[in-house]
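For reference, the structure is listed below as structure tokens.
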Amino acid sequence: MLKGEFHAIVHCPSCRSRTDVWLYDVPEQDEVSGETTTQDIIEECEFCGCEMDLVIAAYGGGWTAFLAEDPDAAFEIERLDSGYDGWLEELQPEPHPSAIFYQAMHDWTGLLYSMGDRRSGAAAVNRMLLIQLFSIVEAYLSDAIIKLAFDDPNVTQAIVRWHPDLKDERVSLQKVASEPNLVRDMLVSQLRVKTQFHRFEFLHGMLRAAIGHHLLPGDKAERDLILQSVHYRHYCVHRNGRDTDGNILTVLTLAYLDELAARFRALVGHLATAISDRR
């Protein structure tokens, strides 16, 4: 059996609706004889709930299927292409993350004072502004750290030695010999795909190990403001603005958002300076 994600559209024999069928494995054609192999499965119509007897057949690198009671009404099976995310692997680091950040912040500030609700810290538009503010900051941190790792082998090595998911990674010598940029590419992939760039304490440790830079401010009040905002982000993204007790956030006033934006500008400015001085 071949594992993967497969999809087909079947006309239900009972209600005649077009119903989606999702499969997680399909038969494989016999490689030696080239003979077609089949698999019998039972799927349920998503509209009327009746059971459909399907026959899946593998042939010539593809698959077809039909209802057991109507072999002449065949339909194709599509294998979902996981390569849609492949462009990420070819993506080069953004060359000017700071310039993009400051332009985005300029636009965000305009939205804050033209669209933000001045009367309520519980307004939906203010929650959206908070989420967008985080998107801008996270994009900068992602681009800046990935560019650091891409450009500087010493940074790559330092992060890998520190990173809890990479420091004990095992690869073969043959793979290392055939892919000279293997370590860098593995790190960049980890950063792009598996790293949450609003985990500021995690990034603080990474940057301290990589370039000796403290991402979070030394002042406790400023640091607490930034770290508490991560909780507010979670409530807005995952709970539509309500905390774990079900209470709607009321702190997202324009003054609060403006102050948080100032803290993020300072955070980015200090990191950008540290990166520039290193170069």
Side-chain angles (χ1 to χ4, degrees), residues 88 94 96-146 163-165 190-210 213-275:
L88 284 171
E94 175 54 49
H96 305 294
S98 295
I100 294 173
F101 169 81
Y102 288 117
Q103 182 60 57
M105 288 300 295
H106 174 80
D107 295 341
W108 180 87
T109 303
L111 293 174
L112 177 69
Y113 288 105
S114 64
M115 297 176 55
D117 193 317
R118 299 174 183 273
R119 299 166 299 174
S120 171
V125 66
N126 292 8
R127 297 199 297 271
M128 295 177 186
L129 285 164
L130 176 72
I131 294 169
Q132 183 60 25
L133 176 60
F134 263 90
S135 295
I136 294 169
V137 175
E138 290 182 65
Y140 167 78
L141 291 172
S142 171
D143 290 339
I145 295 174
I146 286 173
H163 202 289
D165 295 330
Q190 178 82 19
L191 292 172
R192 279 187 174 143
V193 178
K194 297 182 180 180
T195 302
Q196 295 177 314
F197 284 90
H198 56 268
R199 293 179 59 197
F200 297 129
E201 290 174 300
F202 180 83
L203 299 181
H204 182 94
M206 181 188 296
L207 286 166
R208 183 166 52 83
H213 175 73
H214 292 183
L215 180 68
L216 291 168
D219 182 84
K220 186 178 186 306
E222 294 181 10
R223 186 169 65 250
D224 288 347
L225 177 72
I226 290 173
L227 294 179
Q228 182 59 49
S229 73
V230 180
H231 292 244
Y232 297 155
R233 174 202 172 277
H234 179 86
Y235 298 150
C236 290
V237 171
H238 297 283
R239 300 180 59 84
N240 196 30
R242 295 185 180 275
D243 64 19
T244 52
D245 296 322
N247 302 312
I248 193 74
L249 292 180
T250 59
V251 301
L252 305 183
T253 62
L254 260 62
Y256 170 82
L257 292 171
D258 193 40
E259 173 64 15
L260 181 61
R263 294 301 98 223
F264 281 152
R265 285 192 187 92
L267 180 149
V268 167
H270 293 151
L271 176 55
T273 299
I275 293 173

Just so I know, are the side chains of [X] and [Y] near enough to count as touching, which here means a heavy-atom distance under 4.5 Å?
X	Y	answer
Asp143	Phe101	no
Trp108	Leu257	yes
Leu254	Tyr113	yes
Thr195	Ser142	no
Asp243	Tyr232	no
Glu259	Leu225	yes
Met206	Leu191	yes
Arg265	Thr109	yes

To the nearest 0.5 angstrom, please state how far the [atom1] atom of [X] sits from the [atom2] atom of [Y].
X	Y	atom1	atom2	result
Arg242	Leu249	CZ	CG	9.5 Å
Asp258	Leu112	CG	CG	6.0 Å
Gln190	Ile146	CD	CD1	11.0 Å
Gln228	Tyr256	CD	OH	7.0 Å

Enumerate donor-acceptor pairs with a distance under 3.5 Å from any side-chain N or O in residues 198-205 to protein atoms, sequence neighbours excluded.
| unit_1 | atom_1 | unit_2 | atom_2 | d |
| --- | --- | --- | --- | --- |
| His198 | ND1 | Glu138 | OE1 | 3.1 |
| His204 | ND1 | Leu215 | N | 3.1 |
| His204 | ND1 | Leu216 | N | 3.0 |

With distance as the sole test, does [X] use its side chain to make a donor-acceptor pair with the main-chain N or O of [Y] at under 3.5 Å?
X	Y	result
His106	Tyr102	no
Asp219	Ala221	yes
Arg223	Pro217	yes

### Message
For a quick test of reading the model, state the closest non-hydrogen atom pair linking Ser98 to Ala272 and the distance between them.
### Response
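That closest heavy-atom pairing would be OG-CB, 3.5 Å.
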
### Query
At their closest point, which heavy atom of Arg239 faces which heavy atom of Gly246, and how far apart are they?
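Smallest heavy-atom distance, with atoms named: NH2-N, 4.2 Å.
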
### Test side-chain hydrogen bond (donor to acceptor under 3.5 Å, both in side chains) applied to Asp224 - qualifying residues, sequence neighbours left out
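So Asp224 forms a side-chain hydrogen bond (donor to acceptor under 3.5 Å, both in side chains) with Lys220.
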
### Message
For Tyr235 and His231, take the angle between the two ring planes, folded into 0 to 90°, and tell me which bin it lands in: parallel under 30, tilted 30 to 60, perpendicular over 60.
### Response
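Judged by the thresholds at 30° and 60°, the geometry between Tyr235 and His231 is perpendicular.
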
Donor-acceptor list for residues 125-137 side chains, cut-off 3.5 Å, not counting sequence neighbours:
| unit_1 | atom_1 | unit_2 | atom_2 | d |
| --- | --- | --- | --- | --- |
| Asn126 | OD1 | Asp117 | N | 2.9 |
| Asn126 | ND2 | Asp117 | O | 3.2 |
| Asn126 | ND2 | Ser120 | O | 3.1 |
| Asn126 | ND2 | Leu252 | O | 2.8 |
| Arg127 | NH1 | Ala122 | O | 3.1 |
| Ser135 | OG | Ile131 | O | 3.1 |

### Query
Is the number of heavy atoms from other residues, nucleotides or ligands within 6.0 Å of NE2 (His96) greater than 12?
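It does not: His96 NE2 has 12 such atoms or fewer within range.
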
